Amino acid sequence: MKELIIIGAGPAGLTAAIYGIRAGLDVLLIERYSPGGQVINTYEVENYPGFVEPVQGWELMSAMEGQVRRLGVEIINGDVKSIIKNTEENLFNVELTDNHIHKAKAIILACGATHNQLKIPGETELTGKGVSYCATCDGAFFKDKVTAVNGGGDTALEEALFLTKFASKVYLIHRREEFRGAKILQDRVLSNDKIEPIYNSVVKSINGSENVTSLTLKNVKTSEEKELKLDGLFIFIGYSPNTGFLPEEILNERSEVIVNKEMQTSVPGLFAAGDMREDSKRQIVMAAADGATAALEAYNYVNEMK
Ligand code: NAP
């Protein structure tokens, strides 16, 4: 039995682990894949304090993981299937998909979010054959090739800029006339010769048999359709919280975990932090702050049980 189990090792979970173990709690951190979360797929981070020059996503997260390991937190691999509170014991049972059960007095959910899909013809079939959700992972395969990015948020703008290191051309396809992403990124995108915005347009289908060869685009204002020849499409149209294994009672209509300002859910001892919680700003620094808040509150909760 542990005092605190943290589920997810992105910025929220790793920071919760740092604060939890330093408060004296016996902490177990469970991660589905490898530690780091979505930041691993980000080429450069420019807005996390403490770095004069942009830091690479993997480098930042590997430093956070190293810090957690140095402090002595136990990290295990596991895919959580369910979390049930045993009210008689006043303990949580965390069941993994391999049927292992871990018990804890308090839980911090820090499971992050997963990229959204367009759900259009060709997307599933051509994923890995020109369709990608990670420019950092796949950008180098598109040296001197023609690519497109779909989306208009911070991720789409940042990743379009990153792709210009390799691709000869990057179309930036957005469904509106104005990007959602930060002004500084918009300025950089619009002044980059390799990037050509295509506004008011959605991708209707991704075409090709062995590899991506073209997109069918639809102008949402004129309803006109056209074919755009290219070699790859990077899709960055937002994220959905990883909350599929949680009871509906603690989720809102967008499937985000409802918490108060102490990161406490409606179940005493169950906390949530970072991108999976309601009203998250989806920033690394804020996920880290959530993790710290949740761990300090979990410490108070565990102490009050004694
Ligand atoms: P986002 O801000 O939710 O933007 C998603 C973009 O995709 C929007 O432009 C949206 O269009 C478009 N979109 C959504 N569904 C679509 C669909 N079905 N078809 C076509 N386009 C679609 O997502 P994000 O860019 O991944 O960012 C997520 C969060 O992380 C944000 O809060 C962002 O600020 C943060 N973030 C921050 C940084 C940073 O600070 N460096 C980096 C990356 C992300 P509309 O604009 O028309 O809705």
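The model shown is predicted, which means the values in this text are computed figures rather than measured ones.
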Quick check: closest heavy atoms across [X] and [Y], and the distance to 0.1 Å?
X      : Y      : value
Ala273 : Asp290 : CB-CB, 3.6 Å
Gly20  : Ala295 : N-CB, 3.7 Å
Leu172 : Gly151 : CD1-O, 3.6 Å
Ile250 : Ser266 : CG2-OG, 3.7 Å
Asp279 : Glu256 : N-OE1, 4.2 Å
Val39  : Pro11  : CG2-CG, 3.8 Å

Please check if any side-chain donor atom of [X] sits under 3.5 Å from a side-chain acceptor atom of [Y], or the reverse.
X      : Y      : answer
Asn99  : Lys81  : yes
Gln264 : Asn260 : no
Ser205 : Thr216 : yes

Can you confirm whether [X] sits close enough to [Y] that some side-chain heavy atom of one is under 4.5 Å from a side-chain heavy atom of the other?
X      : Y      : answer
Asn211 : Asp231 : no
Ile6   : Val73  : no
Glu46  : Glu44  : no
Leu96  : Val80  : yes
Leu251 : Val257 : yes
Leu91  : Lys105 : yes
Met305 : Tyr301 : yes
Lys218 : Val202 : yes

Please list, one pair per line, the donor and acceptor atoms closer than 3.5 Å that link side chains of residues 135-150 to other protein atoms, with sequence neighbours excluded.
unit_1: Thr136; atom_1: OG1; unit_2: Asn41; atom_2: O; d: 2.7
unit_1: Thr136; atom_1: OG1; unit_2: Tyr43; atom_2: N; d: 3.1
unit_1: Asp138; atom_1: OD2; unit_2: Ser132; atom_2: OG; d: 2.6
unit_1: Thr147; atom_1: OG1; unit_2: Lys169; atom_2: O; d: 3.2
unit_1: Asn150; atom_1: ND2; unit_2: Ile173; atom_2: O; d: 2.9

Evaluate the criterion side chain to side chain contact (heavy atoms under 4.5 Å, CB included) for residue pair Ile21 and Val68; output intermediate values, then yes/no. CA-CA 9 Å; Ile21 200 155; Val68 166; over 6 Å; no

Spacing of [atom1] belonging to [X] relative to [atom2] belonging to [Y], to within rounding of 0.5 Å:
X      : Y      : atom1 : atom2 : answer
Gln117 : Glu123 : CD    : CD    : 5.0 Å
Ile30  : Ile107 : CD1   : CD1   : 7.5 Å
Arg70  : Ile18  : CZ    : CD1   : 9.0 Å
Leu215 : Asn207 : CG    : CG    : 7.0 Å
Cys111 : Arg32  : SG    : CZ    : 7.5 Å
Met263 : Arg277 : CE    : CZ    : 4.0 Å

Check whether [X] and [Y] end up in the same hydrophobic cluster, where Ile, Leu, Val, Met, Phe, Trp and Tyr are linked by side-chain heavy atoms less than 4.5 Å apart.
X      : Y      : answer
Phe245 : Leu270 : yes
Ile83  : Ile108 : no
Ile7   : Ile75  : no
Val267 : Leu246 : yes
Leu185 : Phe236 : yes

Is a donor on one side and an acceptor on the other found under 3.5 Å between the side chain of [X] and the backbone of [Y]?
X      : Y      : result
Asn77  : Tyr33  : yes
Glu31  : Ala9   : yes
Gln186 : Gly181 : yes
Glu95  : Asp98  : no
Lys194 : Leu163 : no
Asp275 : Gly112 : no

Is it true that Lys85 and Glu249 have a side-chain N and a carboxylate O under 4.0 angstrom from each other?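 Result for this pair is no, no salt bridge flagged.
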
Test side chain to side chain contact (heavy atoms under 4.5 Å, CB included) on Leu217 and Val203; report intermediate values, then the result. CA-CA 5 Å; Leu217 299 184; Val203 185; 3.8 Å; yes

Does the side chain to side chain contact (heavy atoms under 4.5 Å, CB included) test come out yes or no for Glu159 and Phe234, once each step is laid out? CA-CA 8 Å; Glu159 302 304 300; Phe234 289 78; over 6 Å; no

Aromatic ring proximity, centroids under 6.0 angstrom, Tyr199 and Phe179: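 Between Phe179 and Tyr199, the centre distance is under 6.0 Å.
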
Using a cut-off of 6.0 Å, state whether more than 12 heavy atoms not belonging to [X] lie near its atom [atom1].
X      : atom1 : result
Arg176 : CZ    : yes
Phe92  : CZ    : yes
Lys226 : NZ    : no

Could you go through Ile235 and His115, starting from their C-alpha distance and side-chain angles, then the distance that decides it, and tell me whether this counts as side chain to side chain contact (heavy atoms under 4.5 Å, CB included)? CA-CA 9 Å; Ile235 301 168; His115 61 74; over 6 Å; no

Could you list the donor-acceptor pairs under 3.5 angstrom formed between side-chain atoms of residues 49-64 and any protein atom two or more places apart in sequence or on another chain?
unit_1: Gln56; atom_1: OE1; unit_2: Trp58; atom_2: NE1; d: 2.8

